[in-house]
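Order of listing sets the numbers, starting from 1, for every ligand and every atom in it.
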Amino acid sequence: MNDILPASVPRTEKLPTSARWQWFEAAVRKVLARYGYQYLLTPIVEPTALFVRGLGEVTDIVEKEMYSFTDSMNGDKLTLRPEATAGIVRAMVEHNALYNGPLRVWTQGPMFRHERPQKGRYRQFNQLDVEALGFGGPDVDAEIILVARALWRELGLVEGQHVRLEINSLGQPAERREHREALIRYFEQHQDQLDEEARRRLHSNPLRILDSKNPAMQALIEAAPKLMDFLGDASRAHFDAVRAALEAVGLEYRVNPRLVRGMDYYNLTVFEWVTDQLGSQGTVCGGGRYDGLIEQLGGKSAPAVGFGLGIERLLLLADELDLPMPSAAADVYAIVPPGTPLPPVIVVLEALRTAGLNVVQHAGGAEGAGSMKSQFKKADASGARHALIFGEDELARGHVTVKALRDGSGAQAEHPLADVAQWAATLQSIA
Ligand code: ATP
Ligand code: MG
């Protein structure tokens with residue numbers, strides 16, 4: 001579990017700064033508004049049964065990754081949410097949210113999984129979660145994939161180069177059952193090559209074997225019967241329609257018949273956005289259709305599709321690629337020599353802020369003041385575009401000095417204290 005710190009704090013681990021975080025959040029808000037998705041928040045703690053029923057008993061998450069506990073006050077069995085979809089569906093059912101028609105929503109926040117921590121894999125991590133509930137057509141599968149693409153573009157990630165799309169179809173439950181029989185037969189013939197976990201899942205959830213990360217089993221998994229070959233006409237048509245929509249907007253993808261995702265609730269379209277630049281933690285975004293989940297969690301049957309995006313992974317990728325982001329530096333750093341009377345300083349700085357400028361004051365009282373020289377150093381290091389200098393002589397004349405710090409000119413000008421609104425605009429960043 002990590003602290004996300006301001007850029008000025010030295011970091012021991014390779015983690016995104018809080019500035020990266022806000023850069024991402026701003027892009028998310030913009031892009032999701034563009035597609036008509038509404039923000040929603042659900043609790044971080046839910047009944048354990050919600051995840052067991054929702055994600056499936058024989059899944060990595062439910063079998064070994066959940067932070068579950070008993071509420072000592074009343075004996076309730078609770079779990080820190082390992083993913084967002086089940087909680088969102090619970091909320092939709094509880095509030096009969098689809099009564100007036102389908103709904104597009106998104107949320108963002110911490111998820112918890114007891115995994116082995118490594119770069120891009122943490123026990124508390126954050127997800128952006130985007131869901132379109134109540135829509136059955138392939139058009140919305142394509143839309144949800146394009147929301148992610150729009151986000152890449154907003155952030156400066158290049159699709160096909162920095163992130164690539166992989167898609168698959170998991171068909172419908174009846175098709176999956178047939179495939180499941182074929183899978184069991186296949187893996188039974190190769191029992192000796194299965195690891196312990198796969199052997200345990202062979203009869204309970206053989207599809208999960210396809211999701212195994214064990215390198216020793218990859219060849220075996222590669223040659224396993226493909227769900228794609230068991231799809232009926234309707235499933236195939238749905239998949240073809242999604243593909244046609246993606247092709248129409250020039251989005252390149254690879255059909256990966258081994259892509260099955262880690263939860264049991266998926267059907268038809270599943271997809272992942274992957275990168276080669278983060279080692280084995282290469283999936284930044286994954287999702288798909290889950291038409292059975294709403295009914296399974298007690299609601300009126302309704303289709304749905306969505307994705308979860310690992311924010312830390314995405315920001316690691318952004319750092320790796322050094323994607324540009326707007327400067328977080330202030331417009332003005334105020335240099336206040338030791339002994340300067342505070343009232344005129346505060347009045348000017350407040351007026352500048354009211355005019356919309358970002359202003360950092362060198363503060364700390366008599367002990368914190370520091371020499372002019374050290375204050376100038378701080379001003380420079382802050383990245384601010386201008387220094388405001390409250391020198392004794394200028395103050396006596398009713399003025400303050402403004403010095404340009406960033407344009408190389410070092411130009412200085414005096415401005416009247418009485419008339420801040422007049423000259424504040426000249427300090428505004430042009431960015
Ligand atoms: P993986 O195969 O890497 O374990 P997953 O299939 O378990 O991922 P999902 O449940 O689909 O992941 O979650 C969506 C996204 O959340 C992932 O694609 C990834 O970017 C991110 N994510 C999942 N688990 C973690 C984790 N422990 N730490 C950081 N990010 C994570
Ligand atoms: Mg996982």
Steps toward side-chain contact (heavy atoms from CB on, under 4.5 Å) verdict (V402, V332): CA-CA 9 Å; V402 174; V332 175; over 6 Å; no

Counting only heavy atoms, which portion of M111 has something under 4.0 Å from ligand 1: side chain, backbone, both, or neither? neither

Record the part of Q127 in heavy-atom contact with ligand 1 below 4.0 Å; permitted values are side chain, backbone, both and neither. side chain

Any ion pair linking [Y] and [X] (charged N to carboxylate O, less than 4.0 Å)?
{"X": "E159", "Y": "R164", "value": "no"}
{"X": "D60", "Y": "K64", "value": "yes"}
{"X": "R104", "Y": "E143", "value": "yes"}

Can you list the atoms of ligand 1 that are under 4.0 Å from a heavy atom of [X]?
{"X": "T283", "answer": "17 (C), 18 (O), 19 (C), 20 (O)"}
{"X": "K213", "answer": "1 (P), 2 (O), 4 (O)"}
{"X": "M263", "answer": "10 (O)"}
{"X": "G310", "answer": "15 (C), 16 (O), 20 (O), 21 (C)"}
{"X": "E115", "answer": "24 (N), 25 (C), 26 (C), 27 (N)"}

Parallel, tilted or perpendicular, judged at 30° and 60°: which one describes the rings of Y67 and H114? tilted

Parallel, tilted or perpendicular: which one describes the rings of Y266 and Y290, with boundaries at 30° and 60°? perpendicular

Quick test: of every protein heavy atom, which one is nearest to [atom], and how far off is it to 0.1 Å?
{"atom": "atom 8 (O) of ligand 1", "value": "R313 NH1, 4.4 Å"}
{"atom": "atom 28 (N) of ligand 1", "value": "Y122 N, 3.0 Å"}
{"atom": "atom 26 (C) of ligand 1", "value": "F125 CD2, 3.4 Å"}

Check the side chains of R313 and Q281 for a donor-acceptor pair under 3.5 angstrom, ignoring hydrogens and angles. no

Just going by heavy-atom distances, which of [options] is nearest to [atom]?
{"atom": "atom 29 (C) of ligand 1", "options": "G120, G287, G288, A84", "answer": "G120"}
{"atom": "atom 11 (O) of ligand 1", "options": "Q118, R261, R116", "answer": "R261"}
{"atom": "atom 4 (O) of ligand 1", "options": "R121, E272, Q281", "answer": "R121"}

Considering distance alone, does some N or O of R113 sit under 3.5 Å from an N or O of ligand 1? yes

Just distances here: any N/O of V284 and N/O of ligand 1 closer than 3.5 Å? yes

Short side-chain to backbone donor-acceptor contact, Y186 and L220, under 3.5 Å: yes

